[in-house]
Structure formats: C-alpha cells, structure tokens
Undergrad: 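Structure incoming, see below.
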Amino acid sequence: MSSPRKIGQVLSSPVPGQEEAIQGWIYRTRSSGAIVFAVVRDSSGVIQVTVKKGNLPEGEFEAAKSAPVESSVIVIGKVFEDKRAPGGYELKASSFKLVGGADPFPITEYQSEELLLDNRHLWIRSREQTAVMKVKASVLEGARAWLKANDFTEVTPPILTQNACEGGVTLFKLKYFDREAYLSQSAQMYLEALIFSLDRVYSLTPSFRAEKSRTTRHLTEYWHLELEEAWTDNDGNMEVQENLVTAMVEQVLKDRQAELRLLGRDPADLKEVRPPFKRVRYSQAIEALKAKGFDLAFGSDMGAVEERAFTAEERAPIFVTNFPREIKAFYMKEDPTDPATVKCADMLAPEGYGEIIGGSERETDLGTLTARLKAQEIPLEAYQWYLDLRRFGSVPHSGFGLGIERVVRWICKLEHIRDAVPFPRTVARCYP
RNA sequence: GCCGUCGUAGCUCAGUCGGUAGAGCGUGUGACUGUUAAUCACAAGGUCAACGGUUCGAUCCCGUUCGACGGCGCCA
C-alpha cells in the first residue's frame with residue numbers, strides 16, 4: 001500500500017482502480033442504509049468516499065455511518081470515475097479509520113457573521129478561508145522575491161516604541177516597566193534610520209492602530225509592508241510601488257488561479273495590472289469628482305465615498321499625488337514646484353477598494369521638520385533621535401507603507417478586510 | 001467620537017394588535033445499497049440578552065445597560 005497522498009494529487013492524476021490512502025476531515029456525510037457517502041477534505045481539495053457495508057470491517061462501516069462533520073479520518077480505497085460523485089471521481093473505501101471524533105460542528109448551513117467570527121478558529125477550515133490564506137502567502141512570496149531581486153534588505157524594526165509616528169492616529173498604550181510605551185503603528189522612522197547603512201530597506205511587521213474604525217477596510221492589527229530608500233525622490237519611489245504590487249499580483253496569477261475562482265475573482269481581472277499605473281494629482285482628482293457631482297473643495301480630504309467613486313471604473317491601481325500639505329503628515333516633503341502640496345502619493349486599488357499604499361518623499365531639512373512638528377503640537381523630546389538623522393549626512397529619501405490585508409482584500413475580491421486575516425482584530429473583537 | 005440596525009431552541013429565523021411560543025436545519029432513535037448541505041417517521045430541546053418601569057398580567061410598550069453587526073470620520 002502506498003503512503004497517503006493529498007486529495008488534490010489523487011484528483012489531478014487519477015488512475016481508475018488504483019489503491020490510494022488519504023487523510024483528512026469529513027466535510028459532509030450522507031447515509032442510505034448500507035451505503036455511506038463521506039466527502040473528505042484536506043488542504044488540497046475534497047473527494048467523495050463511498051463506504052459500503054461488507055466492503056470493510058463492520059466496526060469501520062459503523063464509524064463511517066456515525067462520524068460527525070469535521071471528524072478526522074484515514075481512508076484507504078480504490079479510485080473510480082463516477083459521474084454521480086461530486087468532482088467526478090470517488091474513493092471506494094476498503095478501510096475507514098476514525099482518528100479523532102467530533103462534537104456537533106457549530107458552523108452549519110445557516111450562518112451569521114457573528115457566529116462565524118465567534119467560531120473563527122473553526123471557520124478558517126472553510127474552503128474560502130483556506131483559499132484566501134493561500135493567496136496571501138503568494139502575495140508575500142511575490143513581494144519578497146521582487147524586493148530581493150531589487151536589492152532591498154529586509155530589516156526587523158521594534159514593535160515596542162515610544163514614538164507616535166503619525167500625529168493624530170491613536171496608539172495602543174501599554175505599561176513598559178515603570179514607563180509608558182506603545183505598540184508600533186509604523187516602522188517608518190526606524191527604516192529611515194537604517195537607510196544610512198543599507199540604502200534600500202523594507203520590513204514586514206504587524207502595525208497597531210487603536211482607531212475606533214468600523215469599516216470594511218480597517219483592522220486594529222494588520223500586516224504592514226514598509227519600505228524606505230535613500231537617494232530616491234517621490235517619482236522613483238512610485239515606480240518601486242507599482243512594480244512591487246505588480247509582482248505580488250503576478251505571483252498570485254502564477255500559483256493561485258483556482259483559489260481566485262473559488263473566491264469569485266476572475267483571474268483575467270488582474271491581468272490588467274501592469275506598470276506604469278495612472279498618476280493623478282490631488283487637485284485634478286478633486287476637479288474630476290466635482291464634475292461627477294461631489295461637493296468638494298481643495299484642502300478637504302477624499303472620503304471613502306469619493307475614493308470609491310474615483311476608482312470604481314478602474315481595472316488597475318492608480319496614484320493620487322500632491323495632496324495639500326495641511327492634511328498630510330509632518331515628515332512629508334513640500335513640493336517646491338507647488339508649495340501648497342507635498343511630494344506624496346497614495347495608491348488606490350481599483351473597483352472601489354481604495355487606498356492600499358501611502359507614501360512620500362521625506363522632508364530632509366532640520367529646520368522645516370522642527371517647525372512642522374511644533375505646528376502640529378507634537379512634543380519634540382521623543383523625536384530627537386529622528387531629528388539626528390537630519391544632522392548626520394542627510395540624503396533625499398522616500399518610502400511608503402502598504403497594507404497587506406488591503407491588497408489581499410482587493411485581489412480576492414473580499415467584502416470585508418477581516419477575511420484577509422485568519423484571526424481579525426477589530427474594535428469590537430479580540431477573540432478568538 | 002458620531003449615526004443606524006439587531007438580540008426568541010445548538011444554528012437561521014417567524015410570531016404574540018400585551019394573556020409565558022413555532023418552523024426549517026442540527027442533535028437523538030428507527031427505516032433506506034447511489035447520495036449531491038439526501039429522504040421518511042418519532043423524540044428531546046426555550047428565564048424570548050440583562051436590569052428597572054407601566055400594567056391585573058410584559059418576550060411584546062417605555063427606559064437603562066451589555067453584546068453584535070452596518071455606515072461615517074481617521075488611516076494602510
């Protein structure tokens with residue numbers, strides 16, 4: 001007898017009559033007197049197992065008949081083509097061993113969002129969740145491969161910090177012995193410190209935001225891909241961004257087309273993602289939105305509704321550049337050709353999915369930076385080390401932060417960002 | 001921080017113009033040798049979120065609290 005194979009392998013090259021062993025979990029069962037149909041799943045797929053009384057020991061038949069959904073099993077049997085079987089092939093069992101029984105599975109045909117979230121540790125076994133996690137792995141794989149090929153060094157910034165990177169964004173505060181510290185909401189400043197020795201760096205870390213945001217695109221804990229490069233202006237950085245995102249999409253298209261289809265995303269949608277991405281200045285975006293009937297003035301930020309309208313018809317991400325200085329962070333460099341604005345770019349995912357990257361060229365002038373901090377009433381003490389970076393061989397540099405789950409949400413066409421992460425942390429939920 | 005919706009069986013919901021409740025699924029028992037989240041029969045299963053008020057009487061009306069979900073703002 002051969003050693004167990006993955007169900008996906010068995011189905012991809014089925015040899016009628018060949019004996020196979022599989023190990024997995026019961027997805028559904030139906031019984032009809034002396035015959036039991038058990039659909040078994042593993043990480044690679046599902047197959048119907050047909051268990052007939054008399055073809056195997058009586059105890060094993062009884063076990064198959066009464067095994068609840070999500071029981072774990074090892075099945076040996078011969079593969080046969082059968083039009084009546086879902087998937088076209090089935091395994092006729094000669095051995096059915098129950099490994100772990102199961103209580104009645106709490107997730108059934110009828111589900112509410114609350115039930116699924118309360119039972120997230122069990123719901124992640126679903127085919128949809130499994131597909132999303134596979135796509136996410138490919139997104140990260142594609143990113144890391146591209147970054148390595150382009151000479152970016154992965155670095156490991158701290159998660160515990162005393163810096164509030166972006167003024168106004170809420171931090172999770174915690175006790176750090178006899179002092180206070182925060183969970184990091186961005187590694188940017190640490191990456192800026194690291195470019196002086198490594199030139200081009202990136203990090204992949206969790207970021208934490210204590211915003212009480214109840215939306216389909218916010219998590220309080222999310223995976224943040226941040227990148228910083230020396231000797232590069234905002235335009236150069238945008239090229240990095242569009243090539244990186246394209247590499248992510250290409251990796252997914254290479255390895256995960258079946259998963260995309262299962263999730264309702266036509267892989268063809270993503271084939272239009274290739275550089276260069278469209279570039280639109282903020283002022284042009286405002287004018288375009290006004291033409292669509294939105295009531296906006298220069299200086300007001302694009303809201304969710306506007307952002308959705310602006311990207312609804314797009315098939316690939318677009319950049320919005322040159323936001324007004326007043327609504328952006330203190331470290332963004334003023335654009336000398338348009339001093340009301342800063343040299344920044346947001347990358348918006350198409351189809352209304354909205355912002356996936358926020359990036360900018362960084363202010364390098366010590367005086368300007370200090371003035372901006374004061375103007376935003378940010379205490380200077382905690383930033384002395386950061387300001388030092390401008391005192392010792394400052395160079396033009398740019399960088400950005402990308403929300404991994406936002407990219408996954410867009411690629412997988414998910415309604416809610418919480419399904420882009422196995423155990424979502426939102427304002428109302430930290431369990432399981 | 002603001003606005004909105006909801007909370008009835010393990011699950012999804014219906015219902016009671018105020019007189020303490022039903023269905024489907026699931027579960028249990030039985031039947032069935034080709035099912036497709038099978039079918040048939042029988043059965044068990046409920047402090048109607050919590051607390052307070054109005055009332056002869058509240059799951060239903062009113063108030064408060066808690067919890068969940070949705071939207072806005074903010075961001076990735």
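Chain letters run A, B, ... following the sequence lines, proteins first and then strands; every chain starts at 1.
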Undergrad: Rounded to whole angstrom units, what separation is found between the CD atom of A/Glu307 and the P atom of B/C75?
TA: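 Atom-to-atom, A/Glu307 to B/C75, this comes out as 11 Å.
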Undergrad: Looking for any heavy atom pair under 4.0 Å, which part of the strands does A/Ala304 touch: base, sugar-phosphate only, or nothing?
TA: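 Answer is sugar-phosphate: A/Ala304 comes under 4.0 Å of backbone atoms only.
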Undergrad: Can you measure A/Leu122 atom CG to B/C11 atom C1' for me and round it to whole angstrom units?
TA: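 Going from CG in A/Leu122 over to C1' in B/C11 covers 14 Å.
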Undergrad: What is the separation between atom CG on A/Leu115 and atom C1' on B/C13, rounded to the nearest whole Å?
TA: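 Atom CG in A/Leu115 sits about 14 Å away from atom C1' in B/C13.
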Undergrad: For the base of B/U12, is there a side-chain donor-acceptor partner from A/Glu109 under 3.5 Å away?
TA: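 Counting by modelled atom types and ignoring angles, no donor-acceptor contact under 3.5 Å is found here.
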Undergrad: Heavy atoms only, 4.0 Å cut-off, all strands: where does A/Arg127 land among base, sugar-phosphate and nothing?
TA: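 A/Arg127: no heavy atom of the nucleic acid under 4.0 Å.
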Undergrad: In terms of side-chain heavy atoms of A/Pro86, which of B/G71, B/C69, B/U35 is nearest?
TA: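 For the A/Pro86 side chain, the nearest candidate turns out to be B/U35.
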Undergrad: Ignoring hydrogens and geometry beyond distance, is the side chain of A/Thr215 in donor-acceptor contact with the base of B/G70 at under 3.5 Å?
TA: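 Answer is no: no donor-acceptor pair is held.
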Undergrad: A/Pro104 side chain: which of B/U27, B/A76, B/U12 is closest?
TA: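 Given the options B/U27, B/A76, B/U12, the side chain of A/Pro104 is closest to B/U27.
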Undergrad: Atom CE of A/Met302 to atom C1' of B/C74: distance rounded to whole Å?
TA: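 Value for this atom pair: 15 Å.
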Undergrad: Whole angstrom is fine here: how far is it from CD in A/Glu355 over to P in B/A76?
TA: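 Computing the A/Glu355:CD to B/A76:P distance gives 5 Å.
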Undergrad: Nearest-nucleotide wise, let me know which of A/Arg418 and A/Met347 is further upstream toward the 5' end of RNA chain B.
TA: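 The 5'-side residue here is A/Arg418.
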Undergrad: Quick check: closest heavy atoms across A/Met133 and A/Pro422, and the distance to 0.1 Å?
TA: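 It is SD-CD, 3.6 Å.
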Undergrad: Need one value for A/Gly303: base, sugar-phosphate or nothing, where a base atom within 4.0 Å counts as base even if backbone is also close, heavy atoms only.
TA: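 Touches sugar-phosphate only.
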Undergrad: Is there a donor and acceptor pair closer than 3.5 Å between the side chain of A/Glu415 and the base of B/G70?
TA: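 For A/Glu415, whose side chain was compared with the base of B/G70, there is no donor-acceptor pair (under 3.5 Å).
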Undergrad: Give none if B/A38 has no partner; otherwise give the nucleotide forming a Watson-Crick or G-U wobble pair with it, both distances under 3.5 Å.
TA: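 When the pairing criteria are applied, nothing turns out to pair with B/A38, so the answer is none.
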Undergrad: When you compare B/U27 with B/C11, how far apart are their C1' atoms, in angstrom units rounded to a whole number?
TA: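 Looking at atom C1' only, B/U27 and B/C11 are 11 Å apart.
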Undergrad: So, under a plain 3.5 Å distance rule, would you say the side chain of A/Ser213 forms a donor-acceptor pair with the base of B/C74?
TA: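 Side chain to base: pair found, below 3.5 Å.
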Undergrad: For the side chain of A/Arg209, counting heavy atoms from C-beta on, which of B/A76, B/A37, B/A68 is nearest?
TA: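 Minimum distance to the A/Arg209 side chain belongs to B/A76.
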Undergrad: Mind checking the P distance from B/C62 to B/G7? Whole angstroms is fine.
TA: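 Approximately 13 Å lies between the P atom of B/C62 and that of B/G7.
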Undergrad: Within the structure, does a side-chain N or O atom of A/Ser32 lie under 4.0 Å from either OP1 or OP2 of B/U35?
TA: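 Checking B/U35 against A/Ser32, no side-chain N or O comes under 4.0 Å of OP1 or OP2.
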Undergrad: Look through every strand shown and name the nucleotide pairing with B/C69 as Watson-Crick or G-U wobble, where both distances are under 3.5 Å.
TA: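 Across any shown strand, B/C69 pairs with B/G4.
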Undergrad: Is A/Asp346 touching bases, backbone alone, or none of the nucleic acid, heavy atoms closer than 4.0 Å?
TA: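 Touches nothing.
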Undergrad: Once you apply the 3.5 Å cut-off to both distances, tell me the Watson-Crick or G-U wobble partner of B/A23, or none.
TA: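 In the structure as shown, B/A23 has B/U12 as its Watson-Crick or wobble partner.
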Undergrad: Base, sugar-phosphate, or nothing for A/Ile404, non-hydrogen atoms under 4.0 angstrom?
TA: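 Here A/Ile404 touches no strand at all.
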Undergrad: Does the side chain of A/Ser138 come under 3.5 Å of the side chain of A/Arg256 through a donor N or O and an acceptor N or O?
TA: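 Yes - a donor-acceptor pair under 3.5 Å links their side chains.
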Undergrad: May I ask you to verify if any side-chain N or O of A/Arg217 is less than 4.0 angstrom from the OP1 or OP2 atom of B/G70?
TA: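 No, A/Arg217 has no side-chain N/O under 4.0 Å of OP1/OP2 on B/G70.
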Undergrad: OP1 or OP2 of B/U36 sitting under 4.0 Å from any side-chain N/O of A/Arg30?
TA: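 No, outside the criterion.
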Undergrad: Between A/Lys328 and A/Phe323, is NZ or CZ placed under 6.0 angstrom from the six-membered ring centre and within 45° of the ring axis?
TA: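 Yes, a cation-pi geometry holds between A/Lys328 and A/Phe323.
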Undergrad: Quick one: label A/Glu90 by what it contacts on the DNA or RNA (base, sugar-phosphate, nothing), any heavy atom closer than 4.0 Å.
TA: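 Touches a base.
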Undergrad: My understanding is that a pair needs two contacts under 3.5 Å, Watson-Crick or G-U wobble. By that rule, which nucleotide pairs with B/A50?
TA: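 B/U64 is the nucleotide pairing with B/A50.
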Undergrad: Can the ring centroids of A/Trp385 and A/Tyr190 be said to lie less than 6.0 angstrom from one another?
TA: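 Yes: the rings meet the under 6.0 Å criterion.
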Undergrad: Please figure out whether A/Gly33 or A/Leu402 has its closest RNA chain B nucleotide nearer the 5' end.
TA: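 Looking at RNA chain B, the more 5' nearest nucleotide goes with A/Gly33.
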Undergrad: Does any donor-acceptor pair link the side chain of A/Arg214 with the base of B/C2 at a separation under 3.5 Å?
TA: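 No, the side chain and the base share no sub-3.5 Å donor-acceptor pair.
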Undergrad: Which residue, A/Arg372, A/Glu363, A/Gln188, forms the side-chain hydrogen bond (donor to acceptor under 3.5 Å, both in side chains) with A/Tyr331?
TA: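 For A/Tyr331, the side-chain hydrogen bond (donor to acceptor under 3.5 Å, both in side chains) check succeeds only for A/Gln188.
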Undergrad: Is the shortest side-chain N/O distance from A/Arg409 to OP1 or OP2 of B/A76 below 4.0 Å?
TA: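 No, A/Arg409 has no side-chain N/O under 4.0 Å of OP1/OP2 on B/A76.
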Undergrad: Would you mind telling me which of B/C75, B/C11, B/C32 lies closest to the side-chain atoms of A/Ser112?
TA: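 That would be B/C11.
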Undergrad: Classify A/Thr216 by what it touches in the nucleic acid, base, sugar-phosphate, or nothing, heavy-atom distance under 4.0 Å.
TA: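 Answer is sugar-phosphate: A/Thr216 comes under 4.0 Å of backbone atoms only.
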Undergrad: Would the base of B/G34 count as contacting A/Lys92 through its side chain, where contact means a donor and an acceptor less than 3.5 Å apart?
TA: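 Yes.
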Undergrad: Is A/Tyr110 stacked on the base of B/C11, with ring centres under 5.5 Å apart and planes under 30° apart?
TA: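 No, A/Tyr110 does not stack on the base of B/C11.
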Undergrad: Could you point out which residue of A/Arg418, A/Arg120, A/Arg429 forms a salt bridge (Lys or Arg N to Asp or Glu O under 4.0 Å) with A/Glu113?
TA: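 By the salt bridge (Lys or Arg N to Asp or Glu O under 4.0 Å) criterion, A/Glu113 pairs with just one of A/Arg418, A/Arg120, A/Arg429: A/Arg418.
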Undergrad: Heavy atoms under 4.0 Å, any strand shown: does A/Gln48 hit a base, just sugar-phosphate, or nothing?
TA: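 Base contact.
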Undergrad: A/Arg84 has an atom CZ; how far is it from atom C1' of B/U35, in whole Å?
TA: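 Distance check: A/Arg84 CZ to B/U35 C1' gives 9 Å.
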Undergrad: Is the number of heavy atoms from other residues, nucleotides or ligands within 6.0 Å of CD (A/Glu415) greater than 12?
TA: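 Atom CD in A/Glu415 is not crowded, with 12 or fewer foreign heavy atoms closer than 6.0 Å.
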Undergrad: B/U33 phosphate, OP1 or OP2: any side-chain N/O from A/Lys52 under 4.0 angstrom?
TA: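 It does not, given that no N or O in the side chain of A/Lys52 lies less than 4.0 Å from OP1 or OP2 of B/U33.
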Undergrad: Quick check for you: among B/G70, B/G1, B/A68, whose closest atom lies nearest to any side-chain atom of A/His416?
TA: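 In terms of side-chain proximity for A/His416, the closest of B/G70, B/G1, B/A68 is B/G70.
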Undergrad: Among the nucleotides B/A76, B/G34, B/A68, which one has an atom lying closest to any side-chain atom of A/Ile35?
TA: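 Shortest atom-to-atom distance from the side chain points to B/G34.
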Undergrad: Give the C-alpha distance, both sets of side-chain angles, the deciding distance and a yes or no for side-chain hydrogen bond (donor to acceptor under 3.5 Å, both in side chains) between A/Asn322 and A/Asp335.
TA: CA-CA 8 Å; A/Asn322 290 87; A/Asp335 190 340; 2.8 Å; yes
